[in-house]
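Report on the structure given below.
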Amino acid sequence: MATPLAQDIDYHGFPAIHLRSPDGAEAIVLLYGGHIVSWKPAGDEERLYLSEKAFFEAGKPVRGGVPICFPQFGTTGPLPQHGFVRTQMWEKVAARAGDDFAMATLRLKDNAETRALWPHAFQVELSVGVSNARLDMEFEVENTGESAFEFSAALHTYVRVKEVEEVRLEGLRGQTYRNLLNLNAKEETVDSGIAVTIDRELSRLYYETENPLLLRETDRSLGINSDNMPDTVVWNPWVETCAKIPDLPANGFRRYLCVEAGAIQNPVQLQAAESWWGRQTLVAM
Ligand code: TA6
């Protein structure tokens, strides 16, 4: 048995929580951005990608792990790319290790900076749980104001892979997607491939995807489930775009595939006092 942990630590200069369940599953979550930067299933290696050139600087998002996109995905609106909660300092609400799990909940409330960008009262929470081969992530949004607002959201998960060219993402056959590499193109394509493979830059928004997705590598797999996050974004920048991203090493694109669970295509409408949640679960195999 491993020593269970739910411990406050410093991670590259940011406050963070180190979780370890008695079976040895571990995760590290930064208060900055409510950002998971590491996940090791019990008895396994790291399964999230974190760039060795990631910035750990206030105001800049961290490259890798699980950035949270809210209240905007990408550049679909007037806000900074993927919204602003990934560059805010969250607070710890709870962290504990139980008999067969360890979990933490982090919270961010609207403040002067967020209201300057987006004039709404809100509270968001991220709950992270590790147990054996699983990572559970739940993102919750509450409208704490007096009028309705609309948002899109995603858990922008960077799945670590050994070699992206050898990966097969199964479960998207027959699903409709929009190509995000050409934001002006509105046309939709039905995926007829048995699996998504990566041998060029790819950025797709699949709608209403089904569970589970299976990310197969030559000697291991990852099951990916989402709940109340109907869309899936699949992104890899490949050689040229990777070279333009300052916080990725030259071959960084080979080490990950983003498989993101989101509510993007149809933004969520939230009335005053209402709340919403979405989940993504990863299961290492
Ligand atoms: O989810 C895919 C995407 O929107 C890509 O287009 C790419 O820009 C990526 O996210 C990363 O965005 P970031 O702002 O973190 O560089």
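Each ligand, and each atom within it, is numbered from 1 in the order the structure gives.
Residue Arg86 holds the heavy atom nearest to atom 15 (O) of ligand 1 of all those in His82, Lys60, Arg86, Gln81.
Donor-acceptor pairing under 3.5 Å is recorded for the side chains of Gln280 and Thr157. For Glu208 and Gln175, the side-chain atoms include no donor-acceptor pair closer than 3.5 Å.
A salt bridge links Arg204 with Asp191: the closest approach of a Lys/Arg side-chain nitrogen to an acidic carboxylate oxygen falls below 4.0 angstrom. With respect to the salt-bridge test (charged N to carboxylate O, under 4.0 angstrom), the residues Lys162 and Glu217 do not qualify. Between Arg160 and Glu45 there is no salt bridge, since no side-chain nitrogen of the basic residue lies less than 4.0 Å from a carboxylate oxygen of the acidic one.
With hydrogens left out, the protein atom closest to atom 6 (O) of ligand 1 is Ser203 OG, 3.9 Å, a heavy atom.
Below 3.5 Å of separation, one finds an N or O of Arg63 facing an N or O of ligand 1.
With ligand atoms numbered from 1 in the order given, ligand 1 contributes 1 (O), 2 (C) to contacts under 4.0 Å with heavy atoms of Glu260. Which parts of ligand 1 touch Val233 is read off a 4.0 Å heavy-atom cut-off, strictly below it: atoms 1 (O).
Under a 4.0 angstrom heavy-atom cut-off, Leu180 registers as lying outside contact with ligand 1.
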